[in-house]
Amino acid sequence: MAPPVLARLARSRLLLRASTAALWAGHQLPQTLRLSSWQIRRLAAAAAAAAAVHQGLGHSSWLGCEVLAASHCEGKAVHLIARRSAPPPPDRIRAPNTTVVLVHGLDSWSGTWEPLMSELAQRGFASLAVDLRGHGSSPLGCAQDFSPRQLAVDVHQAIKAAGLLEERGRIVLVGHSMGGRIAMQYAADYPEDLSLLVIEDMDCVPQRYCKPTDRDLERLKAFVRSFDSWQAATQTLISFGYQAKRVEGYSSATDPRIFRLPDGSIGSAINPYAQHLARQSVLNSASGAESLQRVASARASSLCNFPVHLFVAGAESTVCTWDGPGGV
């Protein structure tokens with residue numbers, strides 16, 4: 001548990017930012033804190049923007065990039081979608097040499113980062129959020145390619161397509177939940193790209209899931225992310241095991257995962273088949289532990305020196321395991 005003084009800091013938005021600024025300044029604070037979900041998001045924003053307090057309004061624009069997948073799909077490219085924050089107005093000071101790249105979690109998409117992207121933009125920080133394959137507006141591609149390594153390649157290609165490494169230098173990489181595993185893989189494969197790695201509520205322990213029956217698997221594969229009506233979208237997701245209350249929240253949130261498309265149909269950023277693939281190939285794997293071991297080795301040999309910060313949700317909501325090999 002975090003010391004009482006840090007728990008009190010976490011309850012105050014102003015002091016939370018001050019505590020993170022102190023961390024960036026080199027003061028000794030724990031690398032792992034137990035925080036609520038909203039505190040995690042606030043702290044991640046503050047960590048990226050601790051040196052700046054500029055007011056403004058941010059928004060994002062769409063970016064498409066072609067990602068060449070592995071040989072399973074015979075070299076066919078997958079057109080991934082990302083959103084990039086717009087540059088701050090001319091009268092705002094833009095933070096130098098820092099872009100925050102955001103990787104979403106299970107059953108999510110780039111839109112979930114929109115409030116954080118706006119907050120970062122207010123302080124002059126550019127940001128990029130990627131729709132991982134099979135999520136949001138990005139196509140799934142070949143199911144055999146769905147792996148931590150390929151997803152890390154996807155993020156790297158989106159960063160290159162945005163020109164971030166050329167124009168901004170190294171990046172701050174933030175991975176939430178399942179996206180934390182992808183961020184770990186990215187840090188191991190492309191350590192030279194990073195100035196900071198932030199993991200939100202994800203450990204390294206393989207998570208076991210029951211495999212679907214052949215019939216259920218075929219139904220997952222046939223899922224389409226567009227519907228004729230809200231009712232059809234809601235009923236279909238519930239039929240795949242999503243709780244009715246959660247589905248209702250997906251459509252009513254300020255950053256909805258179920259939304260009306262320009263043609264009047266209903267779109268879903270959620271894909272039960274992508275959820276299945278993520279569980280089986282990302283969460284039920286040793287990639288997290290292996291990646292962080294590689295990062296530790298690189299740090300020990302001075303090949304990279306970026307800090308790694310882990311923020312963990314409260315005991316009732318965290319997905320992290322605290323004990324055992326590969327735990328937090």
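The structure presented is a predicted model; accordingly, all values stated were derived computationally and were not measured.
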Pair Glu119 + Arg123: basic N to acidic O under 4.0 Å: yes
Donor-acceptor contact present, side-chain Ser281 to main-chain Phe146, <3.5 Å: yes
Non-hydrogen side-chain atoms of Val282 and Leu151 separated by less than 4.5 Å: yes
Please check if Leu217 and Leu237 belong to a single hydrophobic cluster, counting links between Ile, Leu, Val, Met, Phe, Trp and Tyr side chain heavy atoms closer than 4.5 Å. yes
Got a second to check how far Ile270's CD1 is from Phe223's CZ, nearest 0.5 Å? 8.0 Å
Under the side-chain contact (heavy atoms from CB on, under 4.5 Å) criterion, do Tyr242 and Gln275 qualify, and how do the steps go? CA-CA 11 Å; Tyr242 293 88; Gln275 180 203 69; 3.5 Å; yes
Look at the aromatic rings of His104 and His135 and report parallel, tilted or perpendicular, splitting at 30° and 60°. tilted
So which atom in Ala313 and which in Asp201 form the shortest heavy-atom distance, rounded to 0.1 Å? N-OD1, 2.9 Å
Decide, yes or no, whether a salt bridge links Glu248 with Lys245 under the criterion of side-chain N to carboxylate O below 4.0 Å. no
Donor-acceptor check, side chain of Thr234 to backbone of Gln231, threshold 3.5 angstrom: yes or no? no
Any carboxylate oxygen within less than 4.0 angstrom of a Lys/Arg side-chain nitrogen, looking at Asp203 and Arg181? yes
I would like to know whether Phe125 and Val172 meet side-chain contact (heavy atoms from CB on, under 4.5 Å); could you show each step before the answer? CA-CA 10 Å; Phe125 283 81; Val172 173; over 6 Å; no
Close side-chain approach of Asp189 to His156, heavy-atom, < 4.5 Å: no
Can you check whether Ala274's main-chain N or O pairs, donor with acceptor, with His276's side chain at less than 3.5 Å? no
Looking only at side-chain N and O atoms, does Arg279 offer a donor or acceptor that is under 3.5 Å from a partner on Asn284? no
Donor-acceptor under 3.5 Å (Arg257 side chain, Asp107 main chain): yes
Without swapping roles, check the side chain of Ser138 against the backbone of Ile81 for a donor-acceptor pair under 3.5 Å. yes
Apply side-chain contact (heavy atoms from CB on, under 4.5 Å) to the pair Phe240 and Arg219, showing each step before the final yes or no. CA-CA 9 Å; Phe240 277 97; Arg219 186 165 177 260; 3.6 Å; yes
If only atom types and distance count, is the side chain of Asp131 paired as donor or acceptor with the main-chain N or O of Trp109 below 3.5 Å? no
Would you say the side chain of Arg294 lies within less than 4.5 Å of the side chain of Gln185, judging by non-hydrogen atoms? yes
Closest heavy-atom pair, Tyr190 versus Ala152, reported as atoms and distance to 0.1 Å, is CE1-O, 4.0 Å
Just do the side-chain contact (heavy atoms from CB on, under 4.5 Å) check on Arg84 and Leu164 with the steps written out, would you? CA-CA 11 Å; Arg84 184 177 185 180; Leu164 301 184; 3.4 Å; yes
May I ask whether Met184 and Leu303 are part of the same hydrophobic cluster, defined by side-chain heavy atoms of I, L, V, M, F, W, Y residues being less than 4.5 angstrom apart, directly or through others? no
Donor-acceptor pair, Ser301 side chain versus Ser297 backbone, under 3.5 Å? yes
May I ask you to decide if Gly141's main-chain N or O and Arg133's side chain share a donor-acceptor pair within less than 3.5 Å? no
Flag, side chain of Ser195 to backbone of Ile171, donor-acceptor distance under 3.5 Å: yes
Exam field: side chain Ser85 to backbone Ser127, donor-acceptor pair closer than 3.5 Å: yes
